[in-house]
Amino acid sequence: MWKFRLSVLLALVGAVFATGASAQPGTHSELTAIAGQGAGRVELAPTAHDVVAPDTFDVQGTVNVHDAAAGTTFTVLRRVDFNPDGACTGGTWMMLPPPNAPSFTTSNGGAGALHFEISRGAPLVDGVSFDVQWRLEGSDGSVVQSDCFTVTVK
């Protein structure tokens, strides 16, 4: 009987670990070159940490790029659309707010990354959704950009 229980336990443990880890749907997007060279990914992790006030928005994020030219400085930009329909129509590209670094420089291998945190108050309160799109503009003229995706405030 103990062999049966052990085999069932091992099967359950195996099933748990076989599923792997992945970001929540809607919290990441690939970055694709629309000018020059480079590719990458942006990942966002909205948190329940209320930095500004109760029930407000806080997100940890990372942008990374690869296959870019060595020594290229990329400025990180985003545009927000408060009509969460999956189509980013806002025209204003904004830099990351202080105290975040606004840019990063690629290594000799053409890769680089930047971690950031953004905290905002109203109208970004718990339950509100909005669309966002990310763009990295390189000092060599390269531009890599994400798709538009919807984020919900926790």
Side-chain angles (χ1 to χ4, degrees), residues 14-53 55-154:
V16 169
F17 288 109
T19 59
S22 63
Q24 287 182 316
T27 59
H28 61 280
S29 177
E30 299 303 315
L31 296 167
T32 305
I34 59 172
Q37 60 187 23
R41 185 174 183 93
V42 58
E43 296 179 322
L44 302 179
T47 74
H49 183 65
D50 294 326
V51 175
V52 177
D55 302 321
T56 56
F57 181 62
D58 181 74
V59 66
Q60 301 275 333
T62 302
V63 292
N64 68 64
V65 69
H66 55 84
D67 299 330
T72 302
T73 298
F74 281 98
T75 301
V76 179
L77 304 168
R78 74 206 190 283
R79 66 178 175 174
V80 177
D81 181 354
F82 290 105
N83 180 21
D85 60 0
C88 290
T89 56
T92 304
W93 290 99
M94 301 175 288
M95 294 177 68
L96 291 172
N100 294 292
S103 62
F104 63 93
T105 302
T106 58
S107 67
N108 289 338
L114 179 71
H115 179 79
F116 58 87
E117 180 176 18
I118 300 173
S119 298
R120 291 286 184 255
L124 298 177
V125 295
D126 287 358
V128 169
S129 295
F130 61 93
D131 288 342
V132 66
Q133 187 174 27
W134 295 84
R135 180 182 189 122
L136 307 180
E137 294 183 351
S139 58
D140 67 347
S142 292
V143 177
V144 293
Q145 188 168 295
S146 76
D147 290 332
C148 181
F149 58 97
T150 303
V151 176
T152 301
V153 179
K154 287 187 173 188

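Treat the numbers as computed from the prediction; the structure is a model and nothing was measured.
Among pairs with a residue in residues 98-113, those fulfilling side chain to side chain donor-acceptor pair (under 3.5 Å) read T73-T105, at least two apart in sequence or across chains. Applying the disulfide bond (SG atoms under 2.5 Å apart) test to every pair with at least one member in residues 74-154, sequence neighbours left out, gives these pairs: C88-C148. Residue pairs meeting the salt bridge (charged side-chain N to carboxylate O under 4.0 Å, His left out) criterion with at least one partner in residues 127-138, sequence neighbours excluded, are R135-E137.
Between R78 and I118, some side-chain heavy-atom pair lies under the 4.5 Å cut-off.
Checked against side-chain contact (heavy atoms from CB on, under 4.5 Å), V125 has the following partners two or more places apart in sequence or in another chain: A122, V128. A search for side-chain contact (heavy atoms from CB on, under 4.5 Å) contacts involving N83 returns D81, D85, not counting sequence neighbours. Every residue two or more places apart in sequence or in another chain that forms a salt bridge (charged side-chain N to carboxylate O under 4.0 Å, His left out) with E30 is listed here: R41. The side chain to side chain donor-acceptor pair (under 3.5 Å) check on R79 picks up Q133, with sequence neighbours excluded. T75 pairs by the side chain to side chain donor-acceptor pair (under 3.5 Å) definition with nothing, not counting sequence neighbours. Listed by chain and number, the residues in a side chain to side chain donor-acceptor pair (under 3.5 Å) with D58 are T47, S119 (sequence neighbours excluded). Partners of D140 under the side-chain contact (heavy atoms from CB on, under 4.5 Å) rule, at least two apart in sequence or in another chain, are A69, T72, S142. Residues that satisfy the side chain to side chain donor-acceptor pair (under 3.5 Å) test with T62, not counting sequence neighbours, are H115. Scanning for side-chain contact (heavy atoms from CB on, under 4.5 Å) contacts around T152 gives S129, with sequence neighbours left out.
Here the shortest heavy-atom pairing between K154 and P46 reads CD-O, 3.4 Å. In plain terms, the two heavy atoms of V80 and F82 that are nearest each other are CG1-CZ, 3.8 Å. Between W134 and F116, the shortest heavy-atom contact is CH2-CZ, 3.5 Å. Shortest non-hydrogen contact noted between P102 and M95 is CB-CE, 3.2 Å.
Taking CD of Q60 as the reference point, atom OG1 of T27 lies at 13.0 Å (rounded to 0.5 Å). Residue F149 holds its CZ atom at 4.0 Å from CG of L44, rounded to the nearest 0.5 Å. Once rounded to the nearest 0.5 Å, the distance linking CG of N64 with CG of L136 reads 9.0 Å. In this structure, L124 CG and F130 CZ are separated by 5.5 Å, a value rounded to the nearest 0.5 Å.
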Output, in order, the C-alpha distance, side-chain angles, deciding distance and verdict of side-chain contact (heavy atoms from CB on, under 4.5 Å) for V63 and F74.
CA-CA 10 Å; V63 292; F74 281 98; over 6 Å; no
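The closest donor-acceptor contact from the side chain of S29 to the backbone of D147 lies under 3.5 Å.
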